[in-house]
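Report on the structure given below.
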Amino acid sequence: MSTDVAASILFGDLRDSYDKQQMRVDTLRTAAGKLEAQFLASVRDRATRRNSSVSEKERQAHDELRRLLNQTRQRLAEELKHLQWIRRRHNMAIINRKAHNSGMDDKVARAERTLSLLTTTFLANTEAVKANMSLVLDTVLSQNLFTYIDATGVSVETAKRYTSAVQKWQARINSLVTGKTSETRMAGVLLVKHTALQSPQLLSENVSKWTTSLLGVLGKAEVMPVLIATLQTLLAFIDAVRDVPMLYREIISAQVPRMNQAILAMVDKNPDLMSQVLEVLDRSATWFPTLFRPSIDKAEALCLRLLDGSDMRNSPELCEQAARCLAALSLAGGKITAEERWFQCAQQAMGTIQQCIDHIMCTGSDAGEPTQQFALPLLADDFAVSIPQAADRISSMTEVLIALLTQPTTVDIPVPVDGILNIASRLAMVPVRAGSSKNARSEYDLIPLLTPQIQRASIRIMAVLAISLGSHMQPYLSAVARAVTAINTRQVVSPALNVALHCLLQLYIERYGYGFVMHLPYDLVISTVDDICVQQKSKAAKVTMTASESAPSSKKRGGNGKSRGPNSFGVIESAQATHIHWDDTVLAALKTVLALLQHTPTVFTSALRTRVDSQVLTLLMLFAIGGMEMPFASRQSDAAHRALLYRCLEASILSPDPWQKAILPHAVSAFSAGLADPSTAVRDVCAEALITIDPIIHSRLPAQLREPDTKENISDENQVSWMMSACDNTSIEAVLSGAQADSQSDDEDDKKMQAADEPAVEDVKRFKQDNMIPPVITKSTVVSVVEAREYTKPLQNQTIQQPAPLPPQQPTTSLFNTPAPPAQTSAAEVSDNNDDDDIPDIVMEGSDSEYE
């Protein structure tokens with residue numbers, strides 16, 4: 001949509017909104033006038049009558065009229081504000097429209113002059129095209145010269161001149177497409193493409209002519225750049241018009257089958273265009289499966305020619321494109337349905353992989369296995385050539401299975417998961433079977449060299465199954481775990497294989513958690529932890545001895561028999577340093593450990609968890625203090641490793657082990673040091689981790705709900721409010737005098753209670769002072785606390801009597817057992833004893849009772 005069209009639509013919407021709002025305001029004004037008249041009539045009627053004669057119903061009607069009138073006036077004020085806002089926007093739109101119309105004429109005139117200059121001067125002849133091609137393209141792309149077609153607000157004379165310039169431009173680029181030299185044809189193809197992309201109207205008017213001209217270019221013996229540009233332009237045209245129903249019959253139905261045949265015929269003459277041809281065939285088969293059916297056989301033969309394994313090592317990207325194109329062909333249908341064709345293609349891919357496995361292991365296929373195979377050339381007779389060729393063919397067929405599983409489909413297709421997992425397991429077991437075979441065959445000597453390639457194919461198949469099938473893989477997790485265990489034997493050291501294995505473990509742990517980990521052996525978890533231990537090397541400290549130390553020393557020896565000379569420990573010329581070599585294996589292992597800590601933390605034993613934490617903290621502290629010497633390239637690329645280390649530490653804190661050592665203080669120090677890291681990603685991880693673990697360090701109780709207030713407090717508050725509402729001086733003075741009398745009586749009561757409690761408090765304090773001396777408990781001298789307090793009670797003009805010891809037959813077992821009271825006591829003593837019983841025997845240090 002052009003700018004003037006959008007401005008016109010916006011202006012029309014504002015005009016409609018303004019009219020609707022004005023109508024709404026007029027309606028509210030009319031309603032407000034009617035309500036005012038009714039309300040005034042009600043007021044006059046009530047003014048001429050007594051209040052007693054007005055009924056309750058009339059009063060309610062009067063109040064309702066008043067409420068409606070106020071509400072209507074408020075609503076009218078709001079609508080008037082909105083009307084003023086729309087009026088300002090409308091006036092501004094009018095001003096902008098006038099300015100836009102005045103400026104649009106100048107823009108169109110400038111575009112017309114530019115197009116005329118490019119057509120008549122810079123594209124006048126072949127030499128001008130060669131010299132000015134880049135300038136013309138930059139001008140067309142930067143100035144958008146074709147966006148003013150059918151623009152409004154332009155004078156008639158300017159519009160005519162612009163239309164004439166556009167027509168001359170079309171005629172010139174059409175002649176360039178069919179030019180005599182490759183330079184002119186190249187310029188014509190590129191200008192046609194960018195003209196069509198800038199103006200959909202020009203594309204709809206000229207797409208049939210342009211497509212025919214481009215297909216004619218493909219049929220000629222042309223240079224490579226022109227053919228590539230022509231294929232890209234045709235693909236852009238098909239993509240632009242495939243959703244336009246009125247152009248479907250004219251362009252799609254008529255030109256797409258012709259384009260497919262022309263491309264398949266061209267690829268035999270120009271094998272270097274294979275990548276562009278496969279891309280166009282893939283898009284065509286995906287977008288128009290029905291129109292592609294006449295070309296299915298030729299396209300399938302072309303794809304299989306690339307998937308026989310001969311090009312897998314030289315051009316793996318080309319093999320991937322061929323696999324995707326073959327998967328798209330399987331959904332095109334034909335003589336059979338799309339579901340049957342997809343299933344047949346999958347069976348043929350699995351049968352070809354099984355044939356290659358049998359060839360490598362020098363065995364025959366078992367009964368019940370898939371026998372369908374692709375029509376590929378036979379393997380070589382020499383095993384030194386055929387076994388690597390079979391491994392390459394396995395990789396190619398793996399790409400086909402991956403493309404089939406990831407290709408979007410419009411129908412439901414049953415996936416043979418059992419067969420695909422069986423093939424993946426056999427690929428994983430190839431090195432194990434070869435190593436445990438009793439036959440000493442010379443062919444098996446090549447298998448260790450091909451083990452990483454074969455097992456990586458198995459890993460890719462299992463990864464794609466998890467991605468494409470999701471939760472449907474739950475019943476097959478045990479089979480995947482067995483295959484992973486076979487790969488983890490690591491008979492051949494291959495970093496690429498280790499990285500692929502860790503990525504597969506991370507994927508399955510994140511998707512299935514304990515459902516997958518429960519099937520894994522614990523040795524695999526230990527090997528994963530071993531991989532995060534980076535390679536470390538320590539420099540040998542060069543120690544030089546002085547001449548006095550090399551000769552027999554005559555110094556005195558200390559008590560430990562060692563010489564105490566000044567240079568007895570030598571001179572260290574270079575301190576020890578740790579060399580850290582980061583690689584992809586360590587990074588992948590850290591990701592796997594992070595997945596384990598986040599999803600299945602209890603899989604680690606306490607010893608293994610301690611090992612993981614110590615390794616992570618050690619590396620982070622070495623980073624913090626600069627205790628590592630790394631190559632320059634490693635220093636520039638270790639930010640991802642540091643971020644993963646911090647994330648592993650955070651995951652370990654958030655999912656602690658019951659017997660795990662306390663690493664929280666070290667973790668806080670590490671995260672705080674990470675805030676000064678030069679990498680932004682590392683600083684973000686550390687800041688997030690500190691926010692996450694802050695509630696662990698400073699735990700807080702949740703918000704507590706307060707209980708409702710009691711009736712007594714509510715009554716007191718009401719009394720206070722009544723007191724504050726007194727307005728005359730007499731009532732205020734009376735209230736204040738009453739409050740003062742009440743306060744004085746309360747103070748007297750408090751003093752009386754404090755005087756009554758002083759003996760008890762003194763007893764408690766004295767009892768604590770006596771207990772500061774640790775008592776010696778014997779059978780002959782054991783004194784009860786209560787009895788001691790009773791006999792040591794402060795009395796005026798009385799001496800403290802020493803109580804008699806208890807008989808040895810009844811020893812006390814605790815200092816706080818109270819004996820029986822004396823037989824002869826007075827009434828006063830009984831009352832005193834009863835008062836003392838209310839005092840607690842033990843006062844906790846730091847409590848409020850201690851300081852009363």
Side-chain angles (χ1 to χ4, degrees), residues 2 105-151 154 156-241 247 250-251 255 259:
S2 60
D105 195 53
D106 298 337
K107 293 179 181 178
V108 175
R110 190 183 302 112
E112 179 269 329
R113 291 193 299 268
T114 304
L115 281 175
S116 300
L117 181 64
L118 293 177
T119 305
T120 58
T121 303
F122 293 96
L123 299 177
N125 49 42
T126 304
E127 299 298 330
V129 171
K130 293 180 181 179
N132 303 314
M133 184 60 211
S134 59
L135 176 62
V136 173
L137 282 176
D138 291 340
T139 304
V140 171
L141 292 175
S142 61
Q143 297 189 13
N144 295 326
L145 300 176
F146 305 101
T147 58
Y148 306 107
I149 298 177
D150 294 337
V154 183
V156 178
E157 184 179 357
T158 304
K160 288 182 178 179
R161 290 200 307 267
Y162 179 74
T163 304
S164 177
V166 171
Q167 291 176 355
K168 291 179 181 179
W169 173 268
Q170 293 179 21
R172 182 54 183 158
I173 61 177
N174 289 335
S175 63
L176 289 176
V177 172
T178 58
K180 296 181 180 180
T181 61
S182 58
E183 289 84 359
T184 57
R185 290 193 290 272
M186 182 72 178
V189 170
L190 293 177
L191 292 176
V192 162
K193 177 182 177 181
H194 293 294
T195 301
L197 293 179
Q198 281 193 14
S199 176
Q201 183 177 354
L202 290 178
L203 175 62
S204 61
E205 294 175 356
N206 302 279
V207 64
S208 180
K209 183 190 300 183
W210 287 341
T211 304
T212 304
S213 302
L214 293 175
L215 290 177
V217 174
L218 293 179
K220 299 179 181 179
E222 195 56 80
V223 295
M224 192 69 59
V226 177
L227 293 176
I228 293 176
T230 304
L231 289 175
Q232 293 177 352
T233 306
L234 281 172
L235 191 60
F237 284 176
I238 299 301
D239 189 14
V241 303
L247 297 177
E250 181 183 358
I251 305 300
Q255 301 294 343
M259 180 188 69

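On a predicted model such as this, the values are computed, not experimentally measured, just so you know. Numbers here are sequence positions counted from 1.
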At their closest point, which heavy atom of T120 faces which heavy atom of A124, and how far apart are they? O-CB, 3.4 Å

What heavy-atom pair brings P225 and M186 nearest, and what distance separates the two atoms?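 Between these two residues, the closest heavy atoms are O-SD, 3.7 Å.
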
Euclidean distance, [Y] [atom2] relative to [X] [atom1], rounded to 0.5 Å:
{"X": "N206", "Y": "F237", "atom1": "CG", "atom2": "CZ", "result": "9.0 Å"}
{"X": "T119", "Y": "R172", "atom1": "OG1", "atom2": "CZ", "result": "8.5 Å"}
{"X": "L176", "Y": "T126", "atom1": "CG", "atom2": "OG1", "result": "8.0 Å"}

What's the verdict on side-chain contact (heavy atoms from CB on, under 4.5 Å) for N132 and L123, showing C-alpha distance, side-chain angles and the deciding distance? CA-CA 8 Å; N132 303 314; L123 299 177; 6.0 Å; no

Any side-chain heavy atom of W210 sitting closer than 4.5 Å to one from I173?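 Yes, close enough: below the 4.5 Å cut-off.
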
Provide the full list of salt bridge (charged side-chain N to carboxylate O under 4.0 Å, His left out) pairs with a residue in residues 204-229, sequence neighbours left out, each pair given once.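 Qualifying pairs, neighbours excluded: R185-E222.
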
How would you list all residue pairs meeting salt bridge (charged side-chain N to carboxylate O under 4.0 Å, His left out) that involve residues 115-134, not counting sequence neighbours? none

Could you name each residue pair satisfying ring-ring contact (aromatic ring centres under 6.0 Å, His included) that touches residues 114-146, not counting sequence neighbours? F146-W169

Closer than 3.5 angstrom, by distance alone: can the side chain of S116 be matched with the main-chain N or O of R113 as a donor-acceptor pair? no

Test your reading of the model: is there a side-chain donor-acceptor pair from T163 to the backbone of A159, 3.5 Å cut-off? yes

If the test is side chain to side chain contact (heavy atoms under 4.5 Å, CB included), which one of L218, L190, L215 qualifies with T230? L218

